[in-house]
Amino acid sequence: MLKVLHIVGDSKFGGGSLIVMQLAGLAKRQGWHVDVLTTDASFQRALTASGIGVVELDCIWREIRPLRDLRGLFTLAQFLGRAGYTVVHTHTSKAGFVGRVAAKLAGIPIVLHTVHGFAFHEESSPLTIRIYAAMERLAAHAADCVVTVSEYHRDWANRLGIGNADKVVAIPNGIPAARVRSGRSRAVTRASLDIADGECVILSCGRLAPQKGLEYLLQAVPLFRSRLSRPLKVLLVGDGPARGGLETLAKNLGILQDVRFLGFRSDIGELLEAADLVVLPSLWEGLSIALLEAMAARKPIVATSIGSNLEVTQRGATAVLVPPRDARALAEAIVRLASTPKEADRLAEAAFDRYTANYTEERMLNGYLDRYQQLLRRRQLLCQGQHP
């Protein structure tokens, strides 16, 4: 039986983790044995609940410490050398570098890496981009295929000389429609959150981390609050290292009565059903799962004009895009959509059409399966009984 290992390391459970779970499910449906190497407890629980194997090997850490990282690399290479995996598929920047090199040292037949977002991004300094691009070029030599989750990042990789046009391919993220399906009515969900039916609910989902730019959404609240014709509630769904600072900012801005920090929630479909607008003020992304969720749920969206958002929304044809780090522009966009329901509905329908045409789970998984099969054929493993 063909054995597949996804390597994630100690990265926290988030949007990229959902993609890994979808890929693990794909492998299971092919009749392959699949494991995920992760030390994050939340991710481990989700994998176990889905019947996916967990490898709890503490060898990849987010913090860069060269000597420890080198020991971790050789620990991983030794494990891979005896574990019998045919395919190693790495994810995230640190696990991607360590995992690819270790897999190469261990002689793994097929090595893939998915770029959920480079270690550098649109706000990185030129020096940072040069350093990390050099590391990505080195790691690309250890992989048979590098997958970017957007065309934008594939083109950026090509410009930086990371891999080549044959090795680097774009397979955009996709989500199942069922992920945003609501099991409760809008009224019931709002009542459970103590939100009146007439209130304007603004929803933002994602890990509470600096890259999400949520401080600009909070700064926008005093700018648009008095301009809306009805009371409002801003729901922040998720958890992370920025939560304490965001709660302090909300208090200092005097908007605690308008903002709810809901923490991690599994009822995304219900929350989207209860929302009027989705606002995603990210400073950078690989390809935002929260954006795809809003599109699949037919919600009007305000997002930032970062590279992958421009791609997904067809340069603003399916959402209102504003510059990053601009609270005033966020406020103006929110007032515009809240005040023009016909325009909001038009954008929501256009976003849904864009999702169904380009960002479904089926489309994404077919792209990965095709790539797996091409690499297996190249290594002549399909004809050796390793594929069902």
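These numbers come from the heavy atoms of this one structure, side chains and all, not from hydrogens, waters or symmetry mates.
Atom OG1 of Thr92 sits about 10.0 Å away from atom CD1 of Ile7, to the nearest 0.5 Å. Between the CG atom in Leu5 and the CG atom in Leu80 there is a gap of 6.5 Å [rounded to 0.5 Å]. Distance CG/Leu23 to CG/Leu26: 6.5 Å, rounded to 0.5 Å. Phe264 CZ to Asp239 CG: the interatomic distance, rounded to the nearest 0.5 Å, is 10.0 Å. Put simply, CD on Glu293 and CG on Leu271 are 10.0 Å apart, with the number rounded to the nearest 0.5 Å. Going from atom CD1 of Ile129 over to atom OG of Ser124 covers 5.5 Å, rounded to the nearest 0.5 Å.
Ion pairing between Glu273 and Lys299 fails under the 4.0 Å rule for side-chain N and carboxylate O. Ion pairing of Arg184 with Asp267 is present here, as a side-chain N (NZ or NE/NH1/NH2) and a carboxylate O approach within less than 4.0 Å. Between Arg65 and Asp69, no side-chain nitrogen of the basic residue sits less than 4.0 Å from a carboxylate oxygen of the acidic one, so the salt-bridge criterion is not met. One finds a salt bridge joining Lys212 and Glu285 here, because a Lys/Arg side-chain nitrogen approaches an Asp/Glu carboxylate oxygen to under 4.0 Å. At a threshold of 4.0 Å, the pair Asp276-Arg186 counts as salt-bridged, since one of the basic side-chain nitrogens sits closer than that to a carboxylate oxygen. Residues Arg190 and Glu199 are not paired through a salt bridge, judged by the lack of any N-O separation under 4.0 Å between the basic side chain and the carboxylate.
Between His113 and Phe97, the gap from one ring centroid to the other reaches at least 6.0 Å. Residues Trp32 and Tyr372 bring their aromatic ring centres within 6.0 Å. Side-chain rings of Phe43 and Phe13 approach one another, their centers coming within less than 6.0 Å.
Looking at every heavy atom in both residues, Thr356 comes nearest to Asp353 through OG1-O, 3.0 Å. Across all non-hydrogen atoms, the minimal contact from Ile268 to Cys205 is CD1-SG, 4.3 Å. Looking at every heavy atom in both residues, Ser93 comes nearest to Ala119 through OG-N, 3.1 Å. The minimum heavy-atom distance linking Gly96 with Thr90 is given by the pair CA-OG1, 3.6 Å. Scanning all heavy atoms of the two residues, the minimum distance from Met21 to Ala46 falls at CE-O, 3.5 Å. Ala344 and Leu337 make their closest contact through CB-O, 3.8 Å (heavy atoms, listed as atom of the first residue, atom of the second, distance).
The hydrophobic clustering, which links ILVMFWY residues whose side-chain heavy atoms are closer than 4.5 Å, places Val302 and Leu235 apart. Residues Val20 and Ile108 do not share a hydrophobic cluster, clusters being chains of Ile/Leu/Val/Met/Phe/Trp/Tyr side chains in contact below 4.5 Å. At a threshold of 4.5 Å between side-chain heavy atoms, the hydrophobic network of Ile, Leu, Val, Met, Phe, Trp and Tyr places Val36 and Ile60 in two separate groups. Leu253 and Leu236 fall within a single hydrophobic cluster, where Ile, Leu, Val, Met, Phe, Trp and Tyr are joined by side-chain heavy atoms under 4.5 Å apart, directly or via other members. Linking Ile, Leu, Val, Met, Phe, Trp and Tyr residues whenever their side-chain heavy atoms come within less than 4.5 Å places Ile334 and Leu214 in a single cluster.
Cation-pi geometry between Arg298 and Phe352 is satisfied (NZ or CZ under 6.0 Å from the ring centre, within 45° of the ring normal).
Applying side chain to side chain donor-acceptor pair (under 3.5 Å) to Asp144 and the options Gln374, Arg379, Lys104 leaves one that passes, Arg379. Of the residues listed (Leu277, Leu291, Val320), the one engaging Ile301 in a side chain to side chain contact (heavy atoms under 4.5 Å, CB included) is Leu291, and it is the only one.
The shortest distance between side-chain heavy atoms of Val54 and Gln44 falls below 4.5 Å. A 4.5 Å side-chain heavy-atom check between Asn358 and Pro172 finds every atom pair outside the cut-off. Residues Thr313 and Leu321 meet the side-chain proximity criterion, which asks for heavy atoms closer than 4.5 Å. Looking only at side-chain heavy atoms (C-beta outward), Glu122 and Leu283 stay at 4.5 Å or farther from each other. Contact annotation: the side chain of Glu332 never approaches that of Phe224 to less than 4.5 Å [non-hydrogen atoms, C-beta and beyond]. Within the 4.5 Å cutoff, side-chain heavy atoms of Pro324 are placed close to those of Ser305. In this structure the side chain of Ser204 reaches within 4.5 angstrom of the side chain of Pro281, judged on heavy atoms. You'll find the side chain of Met295 reaches within 4.5 Å of the side chain of Val312, heavy atoms only.
The aromatic rings of His153 and Trp156 are tilted relative to each other, their planes meeting at an angle between 30° and 60°.
Remark: side-chain polar atoms of Lys233 are not paired, donor with acceptor, to backbone N or O of Leu193 under 3.5 angstrom. In this structure a side-chain-to-backbone donor-acceptor pair under 3.5 Å is missing from Glu136 to Phe118. Between the side chain of Asp10 and the backbone N or O of Arg62 there is at least one donor-acceptor pair closer than 3.5 Å.
Side-chain contact check for Tyr355 and Thr318: no donor-acceptor pair (N or O, by modelled atom type) lies under 3.5 Å. Side-chain atoms of Arg45 and Ser42 form a donor-acceptor pair, as typed in the model, at a separation below 3.5 Å. Residues His33 and Tyr85 bring no donor and acceptor atom of their side chains to less than 3.5 Å of each other. Residues Thr189 and Ser192 have side chains that never bring a donor and an acceptor to within less than 3.5 angstrom of each other.
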